[in-house]
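Data first, discussion second: the structure below is written as structure tokens.
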Amino acid sequence: WAWNLAFQVQCSLNCIYSTQPDLLKSFDKLRQRIEKANTKRNNLVHSFWGRGDTADTTTRYKRNTKGKAGFKLEEETLTADEIKSIAALIGQVNNDVYSFFTDLMET
């Protein structure tokens, strides 16, 4: 969803602001950060969770049956601090998107 929105916005920016390459470069960097944050968010939200190897970890499992690879099981062990770091990244990207469009409307 976020990637699709970012793509639509970039297409609009290409049409409207094609004479301002710095704006497009700035948005492209932001779009890349949106994609990264969205991937991390999806990994957290669309996973099954279990106990980690130690008391301070948890393990996420994500099933994937896309493509020629067939069934694939992703497994990743995370600490609470790592999960908080992902949440902070998502929050920061959200703030940066808001700032980008606020600044855009003011110009």
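Here, residue 1 is the first one in the sequence, and each next residue gets the next number. Here the structure is a predicted model, which is why all the values come from computation and not from measurement.
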Query raised in the report: So, for N43 and K62, which heavy atoms are closest and what is the spacing to 0.1 Å?
Result: OD1-NZ, 3.3 Å
**Report entry** For L44, the rest of its hydrophobic cluster, which grows through side-chain links under 4.5 angstrom
**Finding:** W49, L78, I83, I86, I90
Query raised in the report: How many angstroms lie between atom NZ of K72 and atom CZ of R63, to the nearest 0.5 angstrom?
Result: 15.0 Å
Query raised in the report: With distance as the sole test, does T77 use its side chain to make a donor-acceptor pair with the main-chain N or O of T58 at under 3.5 Å?
Result: no
Report summary line: Correct closest heavy-atom pair for S26 and F100 would be OG-CE1, 3.9 Å
**Report entry** Residue pairs involving residues 78-88 (criterion salt bridge (Lys or Arg N to Asp or Glu O under 4.0 Å); sequence neighbours excluded)
**Finding:** none
Query raised in the report: Are there more than 12 heavy atoms of other residues, nucleotides or ligands under 6.0 Å from atom CZ of F48?
Result: no
Query raised in the report: How many angstroms lie between CG in L89 and NZ in K40, if you round to the nearest 0.5 Å?
Result: 7.0 Å
**Report entry** Nearest-0.5 Å distance that lies between atom CG in L30 and atom CD in Q32
**Finding:** 9.5 Å
Query raised in the report: Just wondering, do H46 and R41 contact through their side chains at under 4.5 Å, heavy atoms?
Result: yes
Query raised in the report: Is R31 paired with D28 through a side-chain N to carboxylate O contact shorter than 4.0 Å?
Result: yes
Query - Reported NZ-to-CG distance for the pair K36 and N38, which is rounded to 0.5 angstrom - result: 13.0 Å
